[in-house]
Amino acid sequence: MEQFLVQTYNIVLPVLAGYIVWMLKTQKKDRDANSRGTMLLLRVQLIEYHDRYTALRHIPSYALENFIEMYEAYHELGGNGMVTEMYKEVLELEIRK
């Protein structure tokens with residue numbers, strides 16, 4: 001009986017470990033896709049805010065707060081580049097209440 005359990009353990013353990021590794025890889029792909037999608041949506045919204053408020057040459061305080069929070073989330077997800085320049089431009093706008 002003891003040998004049967006050892007043999008079963010030797011067969012089941014690698015299969016179970018392989019399944020767990022496969023599951024973790026699948027979850028990572030899903031998380032990566034969700035992060036990428038979120039980053040792209042944030043970039044679109046940041047560009048929209050930038051274009052709208054730089055054309056007006058001022059920004060309401062609530063919109064600036066939203067812009068900053070979106071930029072921080074975007075940056076934490078790995079975004080940078082042109083949006084960082086837009087961020088700097090928006091920070092220079094006149095703030096209206």
Side-chain angles (χ1 to χ4, degrees):
M1 180 68 172
E2 186 178 324
Q3 276 188 340
F4 174 75
L5 291 175
V6 169
Q7 288 175 345
T8 303
Y9 178 77
N10 287 334
I11 293 170
V12 171
L13 185 61
V15 171
L16 185 60
Y19 175 73
I20 290 171
V21 168
W22 173 81
M23 213 166 65
L24 290 172
K25 284 182 180 179
T26 301
Q27 288 177 349
K28 183 179 179 339
K29 285 181 188 177
D30 291 345
R31 279 192 313 273
D32 290 348
N34 284 331
S35 292
R36 178 97 173 119
T38 300
M39 187 176 70
L40 293 172
L41 290 171
L42 283 168
R43 181 169 53 199
V44 167
Q45 190 65 48
L46 288 164
I47 292 169
E48 223 174 88
Y49 267 54
H50 171 269
D51 292 350
R52 179 185 314 152
Y53 293 115
T54 54
L56 293 172
R57 296 191 175 131
H58 67 272
I59 187 169
S61 57
Y62 69 87
L64 179 60
E65 186 178 330
N66 288 343
F67 187 86
I68 290 170
E69 288 182 21
M70 285 189 295
Y71 174 78
E72 288 171 353
Y74 174 79
H75 191 71
E76 286 176 16
L77 288 169
N80 53 24
M82 70 174 190
V83 176
T84 299
E85 292 304 314
M86 292 178 174
Y87 174 77
K88 292 175 186 175
E89 291 175 8
V90 168
L91 291 181
E92 293 176 4
L93 295 173
E94 175 190 344
I95 301 170
R96 294 194 181 169
K97 302 222 182 231

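Side chains are part of it too, since the values below use all heavy atoms of this structure and drop only hydrogens, waters and symmetry mates.
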Can you see which heavy atom on V83 is nearest to which on Y71, and at what distance?
-> CG1-CD1, 3.9 Å
Summary of salt bridge (Lys or Arg N to Asp or Glu O under 4.0 Å) pairs that have at least one residue in residues 37-54, sequence neighbours excluded = E48-R52
Evaluation steps, side chain to side chain contact (heavy atoms under 4.5 Å, CB included), between T54 and M86 | CA-CA 9 Å; T54 54; M86 292 178 174; over 6 Å; no
Which pairs would a plain distance check flag for residues 90-97, meaning a side-chain donor or acceptor within less than 3.5 Å of a matching protein atom at least two apart in sequence or in another chain?
from, atom 1, to, atom 2, distance (Å)
E94, OE2, R96, NE, 3.2

Heavy-atom side-chain proximity of Q45 to N66 below 4.5 angstrom = no
When rounded to the nearest 0.5 angstrom, what distance separates CD in E69 from CG in L64?
-> 10.0 Å
In the single-linkage hydrophobic clustering (I, L, V, M, F, W, Y; side-chain heavy atoms under 4.5 Å), do L56 and Y62 co-cluster?
-> yes
Partners of E76 by salt bridge (Lys or Arg N to Asp or Glu O under 4.0 Å), sequence neighbours excluded?
-> none
What pairs meet the ring pair (Phe, Tyr, Trp, His ring centres under 6.0 Å) rule with one or both residues in residues 22-49, with sequence neighbours excluded?
-> Y19-W22, Y49-Y53
Determine the sole option in E65, M70, E72 for which the side-chain contact (heavy atoms from CB on, under 4.5 Å) test with I68 is passed.
-> E72
Who else is in I11's hydrophobic cluster (ILVMFWY, side-chain heavy atoms under 4.5 Å, direct or via others)?
-> none
ILVMFWY network linking L42 to I47, side-chain heavy atoms under 4.5 angstrom = yes
ring-ring contact (aromatic ring centres under 6.0 Å, His included) with H58: which residues, sequence neighbours excluded?
-> none
May I ask you to say whether R36 pairs ionically with D32, meaning some side-chain N is under 4.0 Å from a carboxylate O?
-> no
Would F67 and L41 show up in the same hydrophobic cluster when neighbours are defined by side-chain heavy atoms closer than 4.5 Å?
-> no
